[in-house]
Novice: 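Please find one structure pasted underneath; my questions will follow.
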2 protein chains.
Amino acid sequence: MTQRIGQQNKGDIKVAVDLIIFTVSDDSLKVILIQMKKIPFTGKWAFPGGLIGDDESIDNAAKRELKEKTGVADVYLEQLYTFGDVERDPYGRVVSVSYFALIPSENINLKTIDKYFDIGWFDITNLPELAYDHKKIAAYALKRLQWKVEYANVVYSLLPRYFSLTEMQKVYEVILGRKLDRRNFHRKVKSLGIIKPANKKQIGKHRPAQLYEFSSRKPRIIAVL
Amino acid sequence: MTQRIGQQNKGDIKVAVDLIIFTVSDDSLKVILIQMKKIPFTGKWAFPGGLIGDDESIDNAAKRELKEKTGVADVYLEQLYTFGDVERDPYGRVVSVSYFALIPSENINLKTIDKYFDIGWFDITNLPELAYDHKKIAAYALKRLQWKVEYANVVYSLLPRYFSLTEMQKVYEVILGRKLDRRNFHRKVKSLGIIKPANKKQIGKHRPAQLYEFSSRKPRIIAVL
DNA sequence: GCAAAAGTGTTGAGATTACACCCATGC
DNA sequence: GCATGGGTGTAATCTCAACACTTTTGC
């Protein structure tokens with residue numbers, strides 16, 4: 001985020017990170033937004049972020065920001081794009097390196113900070129008006145995520161440790177915005193060897209589902225769909 | 001590139017662009033490197049680049065740098081990745097936004113500048129020792145390019161206006177590092193509709209080849225191979 | 001007429017899609 | 001026993017890979 005910047009001298013270029021933090025819950029794909037106090041964006045929403053420290057790598061700045069806002073670490077985090085237009089921030093020259101993160105929806109406590117009015121989850125298909133060039137960033141992040149889940153196993157970072165195939169399929173459907181055939185989905189993900197059955201069954205009102213876990217919770221390139 | 005930076009004060013983060021400029025010629029994939037004068041990298045090679053100006057967008061800085069080194073404009077240029085480790089430049093904190101460009105091999109005059117010993121083309125599979133973290137950047141750029149040519153029509157920017165299918169196939173083979181079947185290649189690219197026959201034939205010692213041109217010389221996502 | 005590159009079609013295998021019925025549990 | 005979601009197989013289509021011979025030109 002860039003709204004922390006004060007007036008700058010000429011020749012002073014700041015570097016910030018912006019975080020697009022995705023989760024899937026309630027059958028929708030959501031991102032975290034904060035509501036800004038700072039003029040001229042008072043009341044507008046934006047992706048969380050902040051300036052990088054002098055002695056901190058950009059990757060670490062992104063991890064720190066993620067930890068601050070959500071408390072989570074060790075989730076999938078990928079650099080998205082660097083936005084560097086001159087006029088993107090009215091307070092001065094700020095180059096923003098954006099990252100997207102995928103976190104499971106369980107146990108997330110959003111921490112409001114004094115600096116903002118509010119923080120919350122928003123459906124990616126129904127965002128409020130965004131500050132800066134963040135609308136462009138949102139579109140870009142969604143496209144990248146859609147591509148990524150088709151070609152890599154990164155959904156491990158959106159699911160709990162143990163999950164049913166139906167839950168996994170829901171995550172794909174919500175991200176891609178289309179329905180998938182259950183039988184084809186089962187066959188496909190089983191044949192890929194990226195998941196393995198756990199010795200657990202789902203409890204619930206109906207036939208209990210077999211639970212699975214990922215063979216490896218590390219990013220891996222693989223054609224999924 | 002980052003070697004122009006002088007000693008910095010604390011809190012002073014610089015932003016630079018680095019350019020990986022690809023071309024295909026003599027059946028090999030080549031990139032431009034400059035040979036540095038500045039210690040501690042004296043004699044080492046690096047990708048060309050430079051600091052961004054206060055009133056110039058990062059994209060424009062990349063275009064400017066490309067024009068300066070090669071004289072070309074209006075070629076395919078894509079942001080690659082932003083490298084932001086703290087210790088990547090011994091002269092101070094420099095965040096580098098890398099771009100890759102695809103230029104046709106015809107009519108390129110490399111312009112040596114006083115700042116460097118030399119500038120030249122190098123086979124990507126046989127690079128000299130590189131300064132900074134540029135070895136990592138090179139590997140990353142090659143992977144991205146290989147992926148890109150399979151899923152987009154960007155080779156238009158590596159070929160002359162009119163080209164034979166054999167020339168086009170060579171470009172793919174050199175980038176991907178493997179041979180392709182000529183019949184399958186012909187059928188595939190023709191069916192995609194990204195090229196159209198020109199009213200020209202190649203002149204040469206043997207059977208003249210039909211020449212083609214791209215229907216559109218704009219980037220377009222499409223599964224090519 | 002021969003050397004060199006251009007052009008073209010078919011077949012088999014594997015992958016993807018479409019589609020419907022039975023099963024296990026809670027109530 | 002019924003409502004709800006879980007689990008599975010097959011047939012048709014499409015896509016991709018493998019493969020060899022004929023054509024056109026310059027010399």
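Since we're looking at a predicted model, the values are computed, not measured. A, B, ... follow the sequence lines: proteins, then strands. Residue 1 opens every chain.
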Novice: Take the protein atom CG of B:Leu211 and the nucleotide atom P of C:dA5, then report the distance between them rounded to whole Å.
Specialist: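 In whole Å, C:dA5 P lies 16 Å from B:Leu211 CG.
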Novice: Would A:Gln169 and A:Glu173 satisfy side chain to side chain donor-acceptor pair (under 3.5 Å), going step by step from the backbone distance to the final call?
Specialist: CA-CA 6 Å; A:Gln169 184 180 338; A:Glu173 290 178 339; 3.0 Å; yes
Novice: Regarding C:dG7, can its base be found pairing with the side chain of B:Arg183 as donor and acceptor, where the two atoms are less than 3.5 Å apart?
Specialist: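 Absent.
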Novice: CD of A:Gln169 versus C1' of D:dG5: gap in Å, rounded?
Specialist: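 After rounding, the gap between these two atoms is 12 Å.
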Novice: Rounded to whole angstroms, how far apart are CD on B:Gln210 and C1' on D:dT24?
Specialist: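 Distance check: B:Gln210 CD to D:dT24 C1' gives 14 Å.
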Novice: Applying the salt bridge (Lys or Arg N to Asp or Glu O under 4.0 Å) criterion to A:Arg161, which one of A:Glu106, A:Glu167, A:Glu213 satisfies it?
Specialist: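 Option passing the salt bridge (Lys or Arg N to Asp or Glu O under 4.0 Å) with A:Arg161: A:Glu213.
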Novice: Classify the nucleic acid contact of A:Ser164 as base, sugar-phosphate or nothing, counting any heavy atom under 4.0 Å across all strands shown.
Specialist: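 Contact class for A:Ser164: none.
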Novice: Over how many whole Å does the gap from B:Arg178 atom CZ to D:dA17 atom P extend?
Specialist: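 B:Arg178 atom CZ is separated from D:dA17 atom P by 8 Å.
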Novice: If you check every side-chain atom of A:Arg207, which of C:dG9, D:dG26, C:dA24 has the closest atom?
Specialist: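 It is C:dA24.
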Novice: Compare side-chain N and O positions of B:Thr166 against OP1 and OP2 of C:dA6 and report whether any pair is under 4.0 Å apart.
Specialist: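 Affirmative; the distance criterion is met.
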Novice: Which listed nucleotide (D:dG9, D:dC16, C:dT16) is nearest to the side chain of B:Lys188?
Specialist: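 Closest of the options to the side chain of B:Lys188: D:dC16.
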Novice: Parallel, tilted or perpendicular: which fits the ring planes of A:Tyr156 and A:Tyr76, with parallel below 30° and perpendicular above 60°?
Specialist: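 If you compare the ring of A:Tyr156 with that of A:Tyr76, the planes turn out perpendicular.
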Novice: Can you confirm whether more than 12 heavy atoms, excluding those of A:Lys188, are under 6.0 Å from its NZ atom?
Specialist: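 For A:Lys188, atom NZ is crowded (more than 12 foreign heavy atoms under 6.0 Å).
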Novice: Kindly point out which of D:dC19, C:dA6, D:dT10 is positioned nearest to the side chain of B:Asn184?
Specialist: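 Between D:dC19, C:dA6, D:dT10, the one nearest the side chain of B:Asn184 would be D:dC19.
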Novice: Remember a base hit wins even if backbone is also touched, and classify A:Lys201 as base, sugar-phosphate or nothing at under 4.0 Å, heavy atoms.
Specialist: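 Answer is nothing: A:Lys201 stays at 4.0 Å or more from every strand.
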Novice: So, does A:Lys190 get its side chain near the phosphate of D:dT8, meaning an N or O under 4.0 Å from OP1 or OP2?
Specialist: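 So the side-chain polar atoms of A:Lys190 do come within 4.0 Å of the phosphate oxygens OP1 or OP2 of D:dT8, strictly under.
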Novice: Over how many whole Å does the gap from A:Lys205 atom NZ to D:dG6 atom C1' extend?
Specialist: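 Those two atoms, NZ and C1', are 15 Å apart.
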Novice: Could one point to a donor on the side chain of A:His206 or the base of C:dT25 with an acceptor on the other under 3.5 Å away?
Specialist: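 Counting by modelled atom types and ignoring angles, no donor-acceptor contact under 3.5 Å is found here.
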Novice: Given C:dA6, C:dA18, D:dT24, identify the nucleotide with an atom nearest to the side chain of B:Pro208.
Specialist: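 Ranking C:dA6, C:dA18, D:dT24 by closest atom to the B:Pro208 side chain puts D:dT24 first.
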Novice: From CD1 of B:Ile203 over to P of D:dT25, roughly how many Å is that when rounded to an integer?
Specialist: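 After rounding, the reported distance stands at 14 Å.
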Novice: Does B:Ile113 form a side chain to side chain contact (heavy atoms under 4.5 Å, CB included) with B:Lys69? I'd like the steps, not just the answer.
Specialist: CA-CA 9 Å; B:Ile113 314 182; B:Lys69 294 292 187 299; 3.9 Å; yes
Novice: Between A:Arg182 (CZ) and D:dG6 (C1'), how many Å, whole number?
Specialist: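 From A:Arg182 CZ to D:dG6 C1': 6 Å.
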